[in-house]
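Just so it is clear: chains get the letters A, B, ... in the order the sequence lines come, proteins before strands, and each one is counted from 1. Note that the structure is a prediction, hence the values are computed from the model and not measured. Just the heavy atoms: all of them, side chains too, but no hydrogens, waters or symmetry mates, feed the values below.
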There are 2 protein chains.
Amino acid sequence: MASNHENSNIPDIVIGRLPIYLRALNRLSSEGYEITSSHELGQRLGISSAQIRKDLSHFGGFGKQGTGYQIEFLQDKLRKVLHVDREWEVALVGMGDLGKAIAHYKGFADRGFHISACFDSAPDKVGKKIAGFVVQPLSELITVVSERNIQLAMIAVPAEHAQSVANLLVEAGVHGILNYAPINLTVPPHMQVQYIDPVVGLQRMTYYFDE
Amino acid sequence: MASNHENSNIPDIVIGRLPIYLRALNRLSSEGYEITSSHELGQRLGISSAQIRKDLSHFGGFGKQGTGYQIEFLQDKLRKVLHVDREWEVALVGMGDLGKAIAHYKGFADRGFHISACFDSAPDKVGKKIAGFVVQPLSELITVVSERNIQLAMIAVPAEHAQSVANLLVEAGVHGILNYAPINLTVPPHMQVQYIDPVVGLQRMTYYFDE
DNA sequence: AACTGTGAAGTTTTTCACAGCC
DNA sequence: GGCTGTGAAAAACTTCACAGTT
């Protein structure tokens, strides 16, 4: 009977899978399904059905015995759990090729993230409009981010500048950084950091290749 | 005494950390260091020193008691383990904003990956040169990839086309896919797949945010 | 009949702690 | 004194298997 939603601390590894579940539900939903099961989800994701049920059970009973899970209902619940039942403002630092591509990427808005400020240190970029954003100078970062109470940032600067940008972001009061630079950041313990490094992904695969 | 390098099967989770270690070593090296320790590496990465020692011990004794690890030596060893002591050819499918950004990204070549063919289905892109690559039609994918014996591919097409592109790649004989589309792929068990989804990274952080 | 939610069992992963070496 | 490599212990995570519900 006792379940430990609300207060207790859920393992990070469980939290890490929830966005994957949510993404799969979005897909099922767009394919026109209204109901699914832990078995069906598991098949699609290559995860055991027991694991999915156990993961979800941390937050309460979202399913119906004999039936499965109502997709829309479960999406709502997961969005609430992940705090993406609202829109988050995100700052983007670095407007080189990578930053530009991020600025153009349409996939953020659909899923609750809104780029609301862009920064670069290069004088020839500052003031220009890229993907509809006016590029602001790095010197404005602390003011803009703290005034607007922006909590998330993406770092798309060269590796050698990533740590100093991270330091600025910490000072500005950001709580989470998505780091595209291929380098590990050192940040205070209250900060969240996630890494996007395609080369790490590639290297994780070549290990399994024979030749 | 017995150590199980060569034959035995190393946990995936250990393999997954090796590229992170390699990246940290690259960094230390570029900062001019020649020697490091499991403690120093662990501090930088937020990983315990014992874990780093145990991970490395799967492949043999790379360190020296009392001294630590010679950085260049360890880099070489990890590159061999991960099979990145050579260059890998990679196919890129999808030349929209994202594909273009990937094509322009300089970070692959330094670390052993070379984009050697680009594909798109849009007739207005085929034949054009983007970032030095001539875009080829999707209909050529199987021929080009299998003839050149390309083993790795990156998918940068919209979510709704990602699965059919993956099917083509499997047919063409690719063994690993780095998928930038926000969707899970279903592939035969011998295939490796890694995902790049920045929104998943963001959602993994907002869970920990209060407001 | 089908499926969830969950204790208990089983497995994997991490940490401890120390012998051995530089 | 400082550090690695590693068995043994501890912790974390996953799977099993089934009672309970629709």
Side-chain angles (χ1 to χ4, degrees), chain A residues 1-6 8-18 20-21 24-25 28 33-78 81 204 207, chain B residues 1-6 8-18 20-21 24-25 28 33-75 77-78 81 204:
Chain A
M1 176 177 284
S3 52
N4 38 6
H5 13 136
E6 295 310 311
S8 96
N9 58 323
I10 316 290
D12 289 353
I13 198 163
V14 173
I15 302 306
R17 279 189 294 262
L18 299 185
I20 306 295
Y21 298 163
L25 291 166
L28 284 166
Y33 294 91
E34 297 193 344
I35 282 181
T36 188
S37 65
S38 60
H39 187 73
E40 181 176 42
L41 268 175
Q43 287 251 293
R44 294 211 174 202
L45 298 177
I47 290 180
S48 82
S49 60
Q51 175 146 90
I52 292 174
R53 291 200 303 280
K54 180 143 282 205
D55 284 352
L56 297 178
S57 78
H58 283 101
F59 308 97
F62 293 160
K64 277 211 170 47
Q65 286 150 320
T67 311
Y69 300 91
Q70 187 98 30
I71 292 173
E72 204 178 331
F73 178 79
L74 187 50
Q75 284 175 298
D76 274 2
K77 290 298 189 184
L78 289 183
V81 167
R204 282 175 177 163
Y207 170 80
Chain B
M1 179 179 280
S3 53
N4 39 5
H5 12 137
E6 296 309 312
S8 96
N9 58 323
I10 316 289
D12 288 353
I13 197 161
V14 173
I15 302 307
R17 281 190 292 261
L18 300 185
I20 307 294
Y21 298 163
L25 291 166
L28 284 165
Y33 294 91
E34 297 193 344
I35 281 180
T36 188
S37 65
S38 60
H39 186 74
E40 181 175 42
L41 268 175
Q43 286 252 293
R44 295 210 173 202
L45 297 177
I47 290 180
S48 81
S49 59
Q51 175 147 89
I52 292 174
R53 291 200 302 281
K54 180 143 282 206
D55 284 352
L56 296 178
S57 78
H58 283 102
F59 308 96
F62 293 160
K64 277 211 170 48
Q65 286 149 320
T67 310
Y69 300 91
Q70 188 97 29
I71 291 173
E72 203 177 333
F73 178 78
L74 187 52
Q75 284 175 298
K77 290 298 188 183
L78 288 183
V81 167
R204 283 175 177 164

From the candidates C:dT13, C:dC22, C:dC3, the one with an atom nearest any side-chain atom of B:Pro11 is C:dT13

Under 4.0 Å, heavy atoms only, any strand: does A:Ile13 hit a base, just the sugar-phosphate, or nothing? sugar-phosphate

Residues A:Leu25 and A:Ile71: closest non-hydrogen pair is O-CG2, 3.8 Å

Check whether any side-chain heavy atom of A:Asp55 sits under 4.5 Å from a side-chain heavy atom of A:Ile10, and report yes or no. no

To the nearest Å, give me how far apart CZ (A:Phe62) and C1' (C:dC3) are. 17 Å

Interatomic distance, A:Asp12 CG vs C:dT13 C1' [rounded to whole Å]: 15 Å

Of A:Thr67 and A:Arg17, the one whose closest DNA chain D nucleotide lies more 5': A:Arg17

Can you list, by residue number, the residues of residues 39-55 of chain A that have a non-hydrogen atom closer than 4.0 angstrom to DNA chain C? A:Arg53, A:Lys54

Distance in angstrom units between A:Asn9 CG and D:dC13 P, rounded: 10 Å

Spacing of A:Gln70 atom CD and A:Asp76 atom CG [to the nearest 0.5 Å]: 10.5 Å

At their closest point, which heavy atom of B:Ala24 faces which heavy atom of B:Leu45, and how far apart are they? CB-CD2, 3.9 Å

The test is side chain to side chain contact (heavy atoms under 4.5 Å, CB included); show your working for A:Arg44 and A:Leu28 and say whether it passes. CA-CA 10 Å; A:Arg44 294 211 174 202; A:Leu28 284 166; 3.4 Å; yes

Side chain of B:Ser38, heavy atoms from C-beta onward: which of C:dC3, D:dT4, C:dC22 has the nearest atom to it? D:dT4

Heavy-atom nearest pair, B:Tyr21 first then B:Leu78, reads CB-CD1, 3.9 Å

Walking DNA chain C from its 5' end, the first of A:Gly66 and A:Gly63 to be reached, judged by nearest nucleotide, is A:Gly66

Distance, rounded to the nearest Å, where B:Phe59 contributes CZ and D:dG5 contributes P: 13 Å

Any residue meeting side-chain contact (heavy atoms from CB on, under 4.5 Å) with B:Ser37, in chain and number order, not counting sequence neighbours: B:His39, B:Glu40

Say you draw a straight line from CG of A:Leu41 to OH of A:Tyr69; how long is it, rounded to the nearest 0.5 Å? 8.5 Å

Residues from residues 68-75 of chain A lying under 4.0 Å of DNA chain C - heavy atoms: A:Gly68, A:Tyr69

Side-chain touch B:Ile20/A:Arg204, heavy atoms, less than 4.5 angstrom: yes

Could one point to a donor on the side chain of A:Gln65 or the base of C:dT4 with an acceptor on the other under 3.5 Å away? yes

